Amino acid sequence: MEISKTYEPQLLEKKWYEFWEKSGYFKPAGDPSQKPFTILIPPPNVTGILHMGHVLNNTLQDVVVRYHRMKGEPTLWLPGVDHAGIATQNVVEKELAKEGTNRHELGRTKLLERIWKWKNEKGGIIIDQLKLLGASCDWDRQRFTMDEMLSRAVKEVFVSLYEDGLIYKGKYIINWCPRCVTALANDEVEHADENGKLWHIRYPYASGEGFVTVATTRPETMLGDVAVAVNPKDERYKELIGKELILPLTGRKIPVVADEYVDKEFGTGCVKVTPAHDPNDFEIGQRHSLPQLLVMDEHGIMNEAAGQDFAGMERYACREKVLELLAAQGLLEKTENHDHAVGHCYRCDTVIEPYLSDQWFVKMKPLATQAIKVVESGEVKFQPERWTKVYMHWMNNIRDWCISRQIWWGHRIPAYYCDQCGYMAVAKEMPDECPVCGAKSFTQDEDVLDTWFSSWLWPFSTMGWPEETDDLKRYLPTNVLITAPEIIYLWVARMIMSTLHFKGVIPFDTVLLHGTVRDEIGRKMSKSLGNSPDPIDIINRVGADALRFSMIFGTPKGADVMYSDNILETGRNFANKMWNAYRFIMMSIDGISGLPKPHELKLELADKWIISRLQEVTKEVHSHYENLRLNDAANAIFKFMWDEFCSWYIELSKDRLRDESDLQGQLTAKYILLDTMQKGMRLLHPIMPFITEEIWQSIKTVFPMEEEALITAKLPEADNSLLDSAIDDDMRFVQESITAIRNLRKQINLAPATEIEVIIRFADSQQSELFTGYMAYFRKLAKVNRIEGGIGIDKPNAAIAAVVRNIEIFLPLSGLIDLEAERNRLSKQSEKLEKELAGIKAKLNNANFIANAKEEVVAKEKEKFEEVNTKLELLQQLIKDLQV
RNA sequence: GGGUGAUUAGCUCAGCUGGUUAGAGCGCUACGUUCACAUCGUAGAGGUCACUGGUUCGAAUCCAGUAUCACCCA
C-alpha cells in the first residue's frame with residue numbers, strides 16, 4: 001500500500017465532506033421516539049466572510065454535534081443565515097455609489113431587487129466556507145431570516161405583541177446616524193475616547209445682575225436647552241432652584257431645576273438640559289415635564305427652531321458659530337481640554353447624534369419576568385456560570401427595545417395608515433378598507449424592523465412556527481446554544497423571552513459562551529485592524545483538522561484564544577503524527593491473513609497495558625466532551641495517542657511484528673495496533689473529522705467493522721473489566737526503569753546504537769521476574785542486551801547507578817568513572833528527596849494532621865514516606881560508596 | 001462611575017469539589033538521519049504559583065484587601 005510520508009489534507013477533506021453530505025449523514029438519524037440532540041447555529045450575516053471568530057464558534061458547535069451524533073442520538077445542527085439589515089444594505093449602497101447613483105434615485109422597490117440579486121449571487125459565501133471547516137449542518141434545513149417561513153413568523157409576532165399591548169409607538173431619544181439617516185441600537189454604537197473640549201458658558205440671570213456657568217462638550221445643542229439643572233444637595237446653588245435664566249443667543253427664559261442626576265463634581269455643577277438631544281437630559285426632562293425642543297433635522301443640520309442665525313447650518317459649523325458669538329458677547333468663560341467617549345456609527349463611523357423621533361418599541365419588562373425565572377431555576381444554564389450574573393443584571397434592569405430602523409432592507413413594519421384619515425391598522429396584511437372613514441387606500445409604515453427582531457424568533461421560526469410542525473414538536477427545546485458573550489443581551493436573552501412567550505418552553509437548556517479570538521498581542525481580531533488571518537488560507541495550508549485541533553487544544557471553556565500562526569503547528573504536527581502511526585500500522589500488517597478472534601489473542605504486558613489505558617482515557621474523554629471541556633478532551637486524546645500509543649506501544653510492537661517464530665504474538669500485536677488505532681480515531685473524530693475518517697475507513701478494509709462511516713460510528717465505551725491497575729503499575733515500573741537507564745547512558749554519552757549490560761539489585765523476586773520476562777522491552781528501548789540481577793547482590797566495582805522505586809540499577813563501566821560527577825548527580829537527586837521527605841515527616845509528626853486529615857490522606861502520606869525513605873536510603877548508600 | 005475576569009516556566013496557557021515531586025504546547029540545551037514520523041526521537045534545564053493578610057492540621061487552589069492588565073456596561 002502506498003501512503004504518503006506526510007499528511008496531505010487538501011484532497012482528503014474535500015472527498016470526505018462530499019461523501020458525508022451525499023450520504024445524508026448530517027441529517028438526524030434514528031427513530032422519532034428517540035430523544036434528539038439539537039443545536040441552533042448563530043446565523044452568520046449574509047454578508048459575512050469566515051473569520052477566526054466564526055472558526056472558533058463553529059468548530060465548537062461541530063465538535064459537540066459530532067460527539068452526540070456518535071453517541072447514537074438523532075442529531076440536528078440547524079443552519080441558517082441572517083439578513084443583517086444595515087450591513088447588507090450598505091454593501092449594495094456601496095456598489096451603487098461606484099455606479100454614481102444612490103438608493104434615493106433608485107427607489108425602494110429597485111433597491112430591494114438589487115439587494116435580493118446580490119444576496120442570491122454573492123451572499124452566503126460563508127456557508128461554503130463553513131463546509132470547508134467541516135461543519136456538519138443539515139443543509140437541507142438551511143434558513144434565511146427573510147425567507148417566506150420566517151417572515152410569516154415575524155409578522156405574526158409583531159401583530160400579536162401589538163394586540164397584547166406589548167408593542168407601541170412613541171417618541172424616544174435614540175442613537176441616530178445622520179449619514180445613514182437611521183436609528184441605531186445601543187450596541188450598534190461604538191464608543192471611542194476622543195480629545196474633546198469642555199466649554200464653560202455663562203447663562204445670565206433673568207432678573208438682575210450675574211450669571212451661572214454651565215460646562216458642555218456640545219455647545220451647539222444649547223440652542224435646544226430648556227432648563228439648567230443642579231444637584232439638590234449642592235449648597236452652592238440652593239438659592240438658584242426655581243429661578244430663571246436667559247439662554248444666550250436666543251433670549252429665551254429657562255428655569256433652573258434640581259435633579260439628582262447632576263454630578264456636583266463635574267464641570268461647574270450646573271448642567272444645561274437639552275431633552276431632544278441628549279439621553280440623560282431626555283430623562284431629566286421627563287422627570288420635570290420640560291418641553292422637548294428639536295433644533296436639528298435628521299441629517300444633522302440645524303433647523304428653524306435653532307433660530308435664524310443657525311438654521312441650515314451643519315452641526316459642527318454651527319458649533320463654531322455658537323462659540324464665536326458667545327465669545328463676542330463675553331459669555332464664553334473658558335475652554336478646557338476634556339477627553340470623553342464619543343459614540344460612532346458601527347457601519348460608517350459617523351459621530352452619532354442623540355435624537356428625538358417616532359419609533360416602535362417592545363415593552364420588555366413583562367417578557368423578562370419568565371425569562372429570569374427559568375435561569376434562576378436552572379432550566380437554562382449559562383456556561384461558564386459567571387455569565388448568569390451578567391444576564392440577570394441586564395434582565396433586572398431591562399429597558400424597552402426600539403425595534404424600528406430607517407432603512408429599506410428588512411421586514412417592513414406591518415402597520416398601515418389610511419391615506420385619508422390617517423387611521424393606523426396593525427395587521428399581517430394591508431387592510432382593504434378603513435374602518436373609520438371607509439377609504440380603500442393605505443400606506444405601509446416606511447420603517448423596517450431591527451434585524452434582531454427576526455433573530456430573536458430563531459428557535460421556532462426556523463422550525464415552521466406558527467404552524468405546529470413535526471420539527472417543532474421534535475426539536476424544541478433545543479439543547480446547547482454556543483455563542484459569544486457579546487450577544488447575551490442582543491440575542492440570547494431575547495430568544496429566551498420570545499420562546500417562552502410564544503411557545504411556553506425554553507429555547508435551549510445550556511448556553512455555552514466562548515471567548516474572543518485575539519492576536520499575539522491580545523488585540524481582538526478585526527477587519528479594521530487587519531490582524532485577522534483568512535481561515536481559508538490556513539485550511540489550504542494545514543487543513544481544517546489542524547486548524548480545529550489547534551483552536552481547541554489550548555482553549556479552556558469560555559477562555560479567549562490567543563491566536564498566532566505557530567499554534568497551528570500543534571494541530572498540524574498531531575495530524576502528521578496520527579498519519580504516520582497509521583502508515584506504520586498499515587505497512588506492518590501488510591499481507592495479514594485472517595485476524596485473530598479476541599479470545600485467541602496472546603496478550604502480554606504492553607497489550608494489557610494499552611488496553612487498560614484506553615479504557616481510562618475513553619472514560620475521561622467522554623466526561624470532557626459531556627461537560628463541554630473540549631480542550632481537556634483534546635489533551636487527553638493527544639497524550640494517549642502520542643505519548644502512550646506511539647511512544648511506547650508502537651515501539652514495543654516492532655520486534656514482535658517481525659518475529660516469525662511467534663505468529664500468535666505477531667497477530668496479537670497487529671490486532672491491538674489496529675484496534676487501538678481505530679478506537680483512537682473514534683475518540684478524536686469530533687475534533688479532527690477528516691483525517692480520522694480517512695484512517696478509519698482505511699483500517700476498515702483490513703479490520704472489519706460494522707458501521708459504514710466513522711461520522712456515524714459509535715464512540716467506544718469504557719469497559720471497566722479491562723481496567724487493570726496492577727498491569728498499569730508494572731508497565732509504569734518498566735517505563736521508569738527504561739527512562740532511568742536511558743538517563744545513565746546519556747550521562748556517559750553513549751552512542752544510541754551501543755548495546756549495554758546492566759546490573760540490577762532487586763528488592764523482591766517478582767520484580768526480577770517482571771524484568772527478565774520483559775527483557776525484550778529493555779533491549780528495544782534502552783539497548784540493553786543483558787540484565788544481570790538478583791536480590792541483595794553486590795554492587796559492581798566501577799559503575800554509575802540509578803534508583804528506581806526500591807531497586808538499584810547499575811551501568812558498569814569498563815574505564816574509570818568520574819567519581820566527582822557521579823557524586824554530584826546523585827547528591828542532587830538525594831537533596832530533592834530529602835526536601836520531600838522533610839515535608840512528609842513534618843506532616844506525620846503533626847498531631848493535628850493525624851487528627852484532622854482524612855484517613856486515606858494520612859495513609860497515603862505514610863505510604864509515601866516509606867517509598868521516599870527507601871529510595872533516599874539507597875541513594876545515600878550509593879553516595880557513601882563513592883567516597884572510598 | 002458600575003460590573004466581570006485575569007495575574008502559575010522565556011511565550012501561550014492547564015491545574016474542575018484545598019493534601020500533586022505544580023503540568024502541557026511552543027521555545028531553549030545536549031545527543032541522534034535505529035527501516036511510521038526531523039511536522040521526528042532520547043535526555044535535560046527552567047517556576048519564592050502578582051503582593052499582603054486571613055481561614056485551615058494543610059492554600060497555586062477558599063476569603064478579604066492591594067497592585068497591574070483586560071473586557072463589558074454607563
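Since we're looking at a predicted model, the values are computed, not measured. A, B, ... follow the sequence lines: proteins, then strands. Residue 1 opens every chain.
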Would you please classify the geometry between the [Y] ring and the [X] ring as parallel, tilted or perpendicular, with 30° and 60° separating the classes?
| X | Y | value |
| --- | --- | --- |
| A:Y489 | A:W394 | parallel |
| A:H622 | A:Y67 | perpendicular |
| A:F553 | A:F638 | tilted |

Roughly how far apart, to the nearest Å, are [N] and [M] at atom [atom1]?
| N | M | atom1 | result |
| --- | --- | --- | --- |
| B:G25 | B:C35 | C1' | 30 Å |
| B:G53 | B:C69 | C1' | 23 Å |
| B:G10 | B:C51 | P | 14 Å |
| B:A6 | B:G41 | C1' | 37 Å |
| B:C62 | B:A30 | C1' | 44 Å |
| B:C26 | B:A9 | C1' | 12 Å |
| B:U29 | B:A67 | P | 41 Å |
| B:C37 | B:U42 | C1' | 15 Å |

So does [X] get a side-chain nitrogen or oxygen closer than 4.0 Å to the phosphate oxygens (OP1/OP2) of [N]?
| X | N | answer |
| --- | --- | --- |
| A:T739 | B:A43 | yes |
| A:R742 | B:A43 | yes |
| A:W642 | B:G41 | yes |

According to a 3.5 Å limit on both distances, what stems of 3 or more consecutive Watson-Crick or G-U pairs are formed with RNA chain B?
->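 RNA chain B forms these stems: B:1-7 with B:67-73, B:10-13 with B:23-26, B:28-32 with B:40-44, B:50-54 with B:62-66.
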
With a 4.0 Å cut-off on heavy atoms, is [X] in touch with a base, just the backbone sugar-phosphate, or nothing at all?
| X | answer |
| --- | --- |
| A:E651 | base |
| A:R386 | sugar-phosphate |
| A:A581 | base |

Taking atom [atom2] of [N] as reference, at what distance in whole Å does atom [atom1] of [X] sit?
| X | N | atom1 | atom2 | value |
| --- | --- | --- | --- | --- |
| A:M562 | B:U12 | CE | C1' | 8 Å |
| A:F584 | B:C37 | CZ | P | 10 Å |
| A:F574 | B:A24 | CZ | C1' | 13 Å |
| A:Y563 | B:C26 | OH | P | 16 Å |
| A:N576 | B:G41 | CG | P | 10 Å |
| A:L744 | B:U42 | CG | P | 17 Å |
| A:I637 | B:A24 | CD1 | C1' | 15 Å |
| A:Y489 | B:U4 | OH | P | 11 Å |

Heavy-atom pair with the smallest gap, counting every atom of A:V621 and A:A636 = CG2-CB, 4.0 Å

Side-chain donor-acceptor pair present, A:N627, A:Y625, cut-off under 3.5 Å = no

Aromatic contact, A:W387 with A:F382 (centres under 6.0 Å) | no

Donor-acceptor under 3.5 Å ([X] side chain, [Y] main chain):
| X | Y | value |
| --- | --- | --- |
| A:S830 | A:L875 | no |
| A:D545 | A:F690 | yes |
| A:D729 | A:S725 | no |
| A:T754 | A:L750 | no |

B/S/- along nucleotides 14-23 of chain B (protein heavy atoms under 4.0 Å) is SSB--BSS--

Can you find a donor-acceptor pair, distance only, under 3.5 Å between [X] side chain and [N] base?
| X | N | result |
| --- | --- | --- |
| A:Q747 | B:A30 | no |
| A:K577 | B:C37 | yes |
| A:K5 | B:A36 | no |

For A:W387 and for A:N580, find the nucleotide of RNA chain B with the closest heavy atom, then tell me which residue's nucleotide is more 5'.
-> A:W387

Find which nucleotide of RNA chain B each of A:N846 and A:Y7 is nearest to by heavy atoms, and output the residue with the more 5' nucleotide.
->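 Its nearest nucleotide being more 5', the pick is A:Y7.
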
Consider the side chain of [X], meaning its heavy atoms from C-beta on, and name the nucleotide among [options] that approaches it most closely.
| X | options | result |
| --- | --- | --- |
| A:K389 | B:G41, B:U4, B:G25 | B:U4 |
| A:N573 | B:C40, B:G25, B:A36 | B:C40 |
| A:N743 | B:A43, B:A24, B:U39 | B:A43 |
| A:I650 | B:C37, B:A36, B:C73 | B:A36 |

Residue list, side chain to side chain donor-acceptor pair (under 3.5 Å) with A:R742, at least two apart or on another chain = none

Any side-chain heavy atom of A:Q10 within less than 4.5 Å of one from A:R541?
-> no

